[in-house]
Engineer: 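One structure follows; several queries about it will come next.
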Amino acid sequence: FSGKKAVVTGNHCKGLEGSGAVTCIEVHDGDIEVRDNVIDNYEIGMNVVDVNSARITHTTGTNLENGVFIWATTGHVSHDVVVSDNTFSIDNVRRQAPQAAGIATYYGQNVTGAWDGITIADNHIWFEPEKRPRTIQYPRSNWGVSTQAFGPVRNVTIAGNTIENAPVRG
């Protein structure tokens, strides 16, 4: 979806096992509200790209590799993004994921925009427990919640999230 104002609500996206389903919901530009959706079996539950404002709430994702990526492409700023009261179940082990994220700024080479005003609050993110180390491909990583980026990130609040079994060292 792209536009001045967009509301994405009440959808149920189900990727077929083995289909390689990549992204359920992707929103660009404008003022965006995404709420009350169910996402199952996707590589990425949601991409939020170059928005003026976005509210991502009350969405449930299961069998995902990544919950939500917040993008700021080169020359753009993603403003005023709130991701709250969502539940994501990440299948990092079953998928042998080269990266796994609950909610994160997109961390990819040549994605060098800016983020200003991000709130990630009161989400529940569950990862499959990892029994042994696995290889991560640069610049990828694993995050429960992250604002790691190649561009500047300002005015961030991360609070009240529950993250279980995050596959990170340290």
Side-chain angles (χ1 to χ4, degrees), residues 1-2 15 20-29 32 34 39 41-57 59 61-84 86-128 130 133-170:
F1 299 97
S2 182
V22 178
T23 305
C24 172
I25 297 170
E26 184 160 327
V27 292
H28 292 250
D29 312 316
I32 308 295
V34 179
I39 303 167
N41 203 30
Y42 279 79
E43 182 179 327
I44 302 165
M46 194 176 318
N47 282 317
V48 179
V49 184
D50 300 338
V51 294
N52 292 330
S53 70
R55 300 289 175 269
I56 313 302
T57 62
T59 290
T62 55
N63 302 308
L64 303 175
E65 190 169 314
N66 304 281
V68 176
F69 279 132
I70 306 164
W71 289 66
T73 60
T74 303
H76 294 90
V77 179
S78 273
H79 295 278
D80 190 24
V81 177
V82 176
V83 183
S84 66
N86 301 288
T87 301
F88 298 112
S89 174
I90 309 297
D91 283 359
N92 43 299
V93 176
R94 183 180 61 86
R95 289 177 171 271
Q96 299 178 1
Q99 73 177 20
I103 302 164
T105 51
Y106 186 78
Y107 182 60
Q109 294 176 334
N110 302 316
V111 179
T112 59
W115 293 260
D116 189 4
I118 296 174
T119 300
I120 301 171
D122 303 317
N123 299 286
H124 185 190
I125 303 164
W126 180 87
F127 292 84
E128 289 178 299
E130 296 203 14
R134 61 187 161 89
T135 302
I136 305 298
Q137 302 167 351
Y138 178 83
R140 296 176 175 183
S141 191
N142 291 297
W143 310 278
V145 171
S146 175
T147 57
Q148 182 176 9
F150 285 107
V153 181
R154 296 180 188 91
N155 302 311
V156 174
T157 300
I158 299 172
N161 299 289
T162 301
I163 303 165
E164 298 180 58
N165 306 316
V168 296
R169 293 185 275 285

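In this chain, residues are counted from 1 in sequence order. What you see is a predicted model; the values in this text were computed from it and never measured.
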Engineer: State, yes or no, whether a side-chain contact exists between Glu128 and Arg94 at a heavy-atom distance under 4.5 Å.
Structural biologist: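 Heavy-atom side-chain distance check passes, below 4.5 Å.
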Engineer: First locate atom CD1 of Ile56, then atom OG of Ser84, and finally report the distance between them rounded to the nearest 0.5 Å.
Structural biologist: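 Between Ile56 CD1 and Ser84 OG, I get 9.0 Å after rounding to 0.5 Å.
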Engineer: CD1 of Ile70 to OG1 of Thr105: how many Å apart, nearest 0.5 Å?
Structural biologist: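 It comes to 7.0 Å.
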Engineer: Side-chain contact test, heavy atoms from C-beta onward, threshold under 4.5 Å: evaluate it for Ile118 versus Asn155 and give yes or no.
Structural biologist: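 Ile118 vs Asn155: side chains apart.
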Engineer: When you compare the side chain of Ile39 with that of Thr59, does any pair of heavy atoms fall below 4.5 Å?
Structural biologist: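 A side-chain contact exists here, since the closest heavy-atom pair is under 4.5 Å.
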Engineer: Taking side chain as C-beta onward, heavy atoms only, is Val49 less than 4.5 Å from Thr73?
Structural biologist: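 In short, these two side chains touch, coming nearer than 4.5 Å.
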Engineer: Would you say the side chain of Trp115 lies within less than 4.5 Å of the side chain of Val77, judging by non-hydrogen atoms?
Structural biologist: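 Side-chain contact under 4.5 Å: no.
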Engineer: For the residue pair Thr74 / Thr112, report whether a side-chain donor-acceptor contact shorter than 3.5 Å exists.
Structural biologist: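 Distance-only check passes for Thr112 and Thr74.
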Engineer: Give the minimum heavy-atom separation between Cys24 and Gly45, together with the two atoms involved.
Structural biologist: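 Between these two residues, the closest heavy atoms are CB-O, 3.4 Å.
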Engineer: Any idea how Phe69 and Tyr106 line up, ring-wise: parallel (<30°), tilted (30 to 60°), or perpendicular (>60°)?
Structural biologist: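 Phe69 and Tyr106: perpendicular rings.
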Engineer: Please lay out, stage by stage, how Ile103 and Phe88 fare under the test side chain to side chain contact (heavy atoms under 4.5 Å, CB included).
Structural biologist: CA-CA 9 Å; Ile103 302 164; Phe88 298 112; 4.1 Å; yes
Engineer: For residues Asn86 and Thr57, report the shortest heavy-atom separation together with the two atoms involved.
Structural biologist: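 Between these two residues, the closest heavy atoms are OD1-C, 3.2 Å.
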Engineer: Heavy-atom distance under 4.5 Å between the side chains of Glu164 and Ile125, does that happen here?
Structural biologist: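 No, every pair of side-chain atoms sits at 4.5 Å or beyond.
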Engineer: Check the orientation of Tyr107 and Phe150. Use parallel for under 30°, tilted for 30 to 60°, and perpendicular for over 60°.
Structural biologist: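 Because their plane-to-plane angle is under 30°, the rings of Tyr107 and Phe150 count as parallel.
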Engineer: At their closest point, which heavy atom of Asn123 faces which heavy atom of Val83, and how far apart are they?
Structural biologist: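 Where Asn123 meets Val83 most closely, the heavy atoms are ND2-O, 3.0 Å.
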Engineer: Exactly one of Glu65, Glu130, Gln99 should register a side chain to side chain donor-acceptor pair (under 3.5 Å) with Asn92. Which one does?
Structural biologist: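 Answer after filtering Glu65, Glu130, Gln99: Glu130.
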Engineer: Considering all heavy atoms of both residues, which atom of Ala114 and which atom of Ala72 are nearest to each other, and what is their separation?
Structural biologist: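 Heavy atoms of Ala114 and Ala72 come nearest at O-CB, 3.1 Å.
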Engineer: Would a 4.5 Å heavy-atom cut-off, applied to side chains only, mark Phe127 and Asp91 as touching?
Structural biologist: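 A side-chain contact is absent here, since even the closest heavy-atom pair is not under 4.5 Å.
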Engineer: Main chain of Asn63, side chain of Arg95: is a donor-acceptor contact present, judged purely on distance under 3.5 Å?
Structural biologist: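 Confirmed, Arg95 side chain pairs with Asn63 backbone.
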Engineer: Drop me the distance from Ser78's OG to Asn52's CG, to the nearest 0.5 angstrom.
Structural biologist: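 Here the interatomic distance stands at 9.0 Å.
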Engineer: Can you tell me how far apart CG (Asn47) and CD1 (Ile25) are? Round to the nearest 0.5 Å.
Structural biologist: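 If I round to the nearest 0.5 Å, the distance is 10.5 Å.
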Engineer: Between Asn142 and Ala100, what is the shortest heavy-atom contact and its length?
Structural biologist: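 Between these two residues, the closest heavy atoms are OD1-N, 3.0 Å.
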Engineer: Any chance you could measure Asn66, atom CG, to Leu64, atom CG, to the nearest 0.5 Å?
Structural biologist: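 Answer for the CG-CG pair, Asn66 versus Leu64, is 8.0 Å.
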Engineer: Between the side chain of Thr157 and the main-chain N/O of Thr119, is any donor-acceptor distance below 3.5 Å?
Structural biologist: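 Not at all, since once roles are kept as given, no pair shorter than 3.5 Å links the two residues.
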Engineer: Any side-chain heavy atom of Arg55 within less than 4.5 Å of one from Asp80?
Structural biologist: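 Counting from C-beta outward, Arg55 and Asp80 do come under 4.5 Å.
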Engineer: His76 and side-chain contact (heavy atoms from CB on, under 4.5 Å): which partner among Val51, Asp29, Asp50?
Structural biologist: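 One option only clears the test, and that one is Asp50.
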